[in-house]
Participant: 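So that we are looking at the same thing, I have put the structure below in structure tokens.
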Amino acid sequence: MKYLGFMVGSQDLYGEECLREVAADTEKMVKFLNEKLSDTISFKLLPTVETSDICVKDVRAIMDDDECVGVVTWMHTFSPAKMWIKGLQELRKPLLHLHTQANEKLPYDAIDMDFMNLNQSAHGDREYGYILARLGIPHEVVAGYYEHEDVLEKIKTFARVAKAIDLSKHTLVATFGNNMRDVAVTDGNRLEAEIKYGWEIKYWGIGEIAELADKATDAEIEAKMDEYKSKYTMATDNVEAVRYQAKMEVAFDKFIKENNVTAFTDTFQDLHGLKQLPGIAAQNLMAKGFGFGPEGDYKIAAFSSVLMKMAEGMKGATGFIEDYTYDLTPGKELELASHMLEVPASFAANKPEIQVHPLGIGGKEDPARLVFDGVTGDGIQCTLVDMGDHFRIICADIELVKQPKPMPKLPVARIMYRHKPNFEIGTAGWCYAGGAHHAVVSTALSRKEIAMFAKLTGTELITIGDDTTEADLDRI
Ligand code: MN
């Protein structure tokens with residue numbers, strides 16, 4: 001089980017009894033957090049930091065354990081921050097500075113000097129905050145009494161983001177084929193993506209999948225067909241086309257397992273040895289949390305898997321989508337977002353139908369795909385682009401809406417949304433920011449998680465929403 005290390009700061013100036021109380025109070029705090037946040041993360045208390053050596057040892061324990069995704073730090077007493085320097089220099093995991101106290105209220109009648117020396121995070125956390133700022137370590141500060149709901153919610157958000165950063169560092173994107181020829185935004189610096197986010201982006205020929213698909217047994221294909229039939233409505237007579245998608249997914253399953261892949265890309269320009277572009281195969285895998293990028297878009301493949309991890313356990317849908325076309329009725333502007341096939345099944349508002357239709361590009365057989373209308377509710381549209389000398393995340397608030405009318409001739413799954421604060425500012429802002437046409441849409445996540453991810457990974461962030469004005473467009 002993934003956990004957060006918990007480091008409490010003190011010093012030996014106040015005597016043994018004080019240190020015993022520090023340890024006891026922190027144990028109580030960690031026990032409380034473990035009970036309250038057990039659906040998201042667990043916490044593990046490390047030895048109280050009394051010296052620089054203990055701090056270094058605590059950090060090394062955190063760094064050495066793959067199950068540990070980050071650390072929460074709190075200064076119960078004053079903890080001279082020079083003793084934190086060497087430890088913090090070795091920390092390369094997300095850091096939360098919890099600015100709290102063991103007590104909620106001041107005991108006005110009983111307070112004496114001992115109490116004040118024991119409970120002085122107002123003093124100690126400032127000393128510690130200084131050294132974090134001085135060392136330039138990206139971190140999140142959460143202030144408030146640890147039992148309060150708003151504080152617990154913020155710690156939970158940090159835990160989600162820390163788990164996502166942990167996945168990011170273990171991301172392997174298998175790119176089958178290269179980027180779609182001539183497309184700019186799907187390209188970029190793969191080496192920098194690995195240095196910055198830990199994404200390993202490795203090339204394989206699509207023939208690897210074709211070979212594995214050819215080797216799929218009838219039993220394996222039937223098991224996959226049973227999975228499709230249990231989740232989706234078969235709305236085609238062309239069962240053979242669906243079986244071929246099942247075959248490809250069996251192949252992807254094997255490849256993913258053998259190579260520890262967390263995300264993958266393909267491209268309709270390189271389907272050598274395959275009869276169809278993966279449709280259901282990709283849609284079904286995305287719904288299981290595997291990142292996917294069409295047209296060789298390795299950034300969105302990795303980023304979507306990271307954001308799906310962040311949204312794990314939350315209510316709502318998260319996945320890849322492409323901006324496609326608009327309804328520009330004045331004051332009622334809407335966007336129709338979709339893809340040529342690969343819209344994740346997690347966006348389905350109704351039970352998806354399996355349909356088979358021709359695909360105008362790629363020159364292959366008619367692919368089977370899932371067709372459905374999309375979920376509704378408040379959400380975000382988020383993308384990551386390579387600006388040459390840095391990466392940029394763009395996060396726009398949107399409202400996903402029910403499509404105003406049926407679209408019986410549209411042979412692909414789709415979602416629809418309204419831009420915020422309005423169409424003009426929302427979409428112009430996205431264009432000014434260089435936002436890609438490939439993005440992750442989520443009705444689970446909000447700007448706060450994305451902003452925390454951007455802060456902790458040191459990524460530029462541009463947000464668009466109800467607080468964006470026309471004047472802001474000039475400043476993007
Ligand atoms: Mn596309």
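Whatever order the structure lists them in is the order used to number ligands and atoms, beginning at 1. The structure presented is a predicted model; accordingly, all values stated were derived computationally and were not measured.
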Participant: With a 6.0 Å cut-off on ring centres, are F290 and F252 close enough?
Facilitator: no
Participant: Do other residues, nucleotides or ligands put more than 12 heavy atoms under 6.0 Å from the OH atom of Y432?
Facilitator: no
Participant: Run through the protein N/O/S atoms less than 2.8 Å from the Mn ion (ligand 1) and write them out by chain and number.
Facilitator: E295 OE1, E322 OE1, H339 NE2, H438 NE2
Participant: Under 3.5 Å, is there a donor-acceptor pair linking the side chains of Y228 and E249?
Facilitator: yes
Participant: Going by ring pair (Phe, Tyr, Trp, His ring centres under 6.0 Å), name the residues that satisfy it together with Y324, two or more places apart in sequence or in a different chain.
Facilitator: none
Participant: Using 30° and 60° as the class boundaries, would you call the ring planes of H339 and F320 parallel, tilted or perpendicular?
Facilitator: perpendicular
Participant: Within the 3.5 Å criterion, strictly below it, is a donor on H419 or E335 matched to an acceptor on the partner's side chain?
Facilitator: yes
